[in-house]
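Below is one structure, written out as structure tokens; the observations come after it.
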Amino acid sequence: MSSRPEPGGARAGAVRRPREPEHELRRRREQKRKRRDAEQLRELRHLEHFYEKPPPGLIKEDESKPEDCIPDVPGNEHAREFLAHAPTKGLWMPLGKEVKVMQCWRCKRYGHRTGDKECPFFIKGNQKLEQFRVAHEDPMYDIIRENKRHEKDVRKLP
């Protein structure tokens, strides 16, 4: 004999459940889908939190602070103080103030560049050093100098 029930055999005496209306089936499917989505979301949140946390027993080393990239010398207190309280997350700057982590070539202080008005050597400075700096910072300086020499040579020829 086969293990399959014969048509009209075992089920013949069973009571059939009345068929549910279509809207009930849709409602149950929607509930199942929502439960499945909620379970997946819960699992993803668990994974996110698990990977964000450091492992237990981790010994933390000293975290670097933004102001540590500027040396602690007497001229740089303002820049270090500002960076110590500046936001570390996000793209905005407090009160529209610009944070510059750069060193000036002239005065060797941090927080501004050569030529900025904040530099103590903005107007004054060593003139020979200034000429040397202009010559080395301007990429067109050599070309202009060569053109002037060429013009002098052309004038001398006739």
Side-chain angles (χ1 to χ4, degrees), residues 1-126 129-130 132-143:
M1 252 184 120
S2 107
S3 62
R4 252 192 233 172
E6 294 180 19
R11 294 186 132 217
V15 179
R16 288 185 93 189
R17 195 171 56 176
R19 193 162 191 199
E20 295 180 17
E22 192 67 31
H23 69 277
E24 278 293 316
L25 288 173
R26 277 194 217 119
R27 186 179 61 80
R28 283 194 181 164
R29 283 186 199 133
E30 186 68 24
Q31 285 177 346
K32 281 183 182 179
R33 189 182 60 77
K34 284 182 181 179
R35 267 189 250 126
R36 190 173 51 243
D37 289 348
E39 182 64 33
Q40 286 176 347
L41 186 64
R42 206 174 310 118
E43 190 175 317
L44 285 174
R45 283 185 182 151
H46 167 71
L47 289 175
E48 271 182 22
H49 292 298
F50 176 77
Y51 285 111
E52 285 178 1
K53 293 179 185 174
L58 176 73
I59 299 170
K60 285 190 178 180
E61 295 180 11
D62 293 334
E63 294 179 11
S64 63
K65 299 173 190 166
E67 67 268 15
D68 290 341
C69 63
I70 297 177
D72 191 15
V73 293
N76 298 330
E77 307 92 14
H78 180 67
R80 284 181 59 85
E81 180 67 25
F82 179 73
L83 279 178
H85 301 294
T88 56
K89 291 186 179 178
L91 300 175
W92 55 276
M93 294 295 160
L95 304 173
K97 198 164 185 182
E98 190 177 359
V99 179
K100 296 180 186 174
V101 182
M102 55 189 71
Q103 185 178 15
C104 178
W105 288 3
R106 291 186 194 171
C107 67
K108 307 298 184 210
R109 288 189 185 165
Y110 284 80
H112 63 273
R113 289 187 254 193
T114 303
D116 284 355
K117 291 182 180 178
E118 299 133 30
C119 181
F121 297 128
F122 176 64
I123 296 173
K124 59 185 181 215
N126 188 343
L129 266 176
E130 284 300 303
F132 179 78
R133 183 188 63 79
V134 168
H136 281 72
E137 284 182 5
D138 187 9
M140 294 295 291
Y141 181 79
D142 293 331
I143 296 170

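The first residue of the sequence shown is numbered 1, and numbering continues consecutively from there.
Remark: Arg113 CZ to Gln103 CD distance equals 13.5 Å, nearest 0.5 Å. Rounded to the nearest 0.5 Å, atoms CG (Leu41) and CZ (Arg36) are 14.0 Å apart. Within the model, atoms SG of Cys104 and CD of Glu118 stand 9.5 Å from one another, a figure rounded to the nearest 0.5 Å.
Screening Arg35, Lys34, Arg33 against Gln31 for a side chain to side chain contact (heavy atoms under 4.5 Å, CB included) leaves a single residue, Arg35.
Within 6.0 Å of the CD atom in Glu43, the count of heavy atoms belonging to other residues, nucleotides or ligands does not exceed 12.
A salt bridge links Arg27 with Glu24: the distance from a Lys NZ or Arg NE/NH1/NH2 to an Asp or Glu carboxylate oxygen falls below 4.0 Å.
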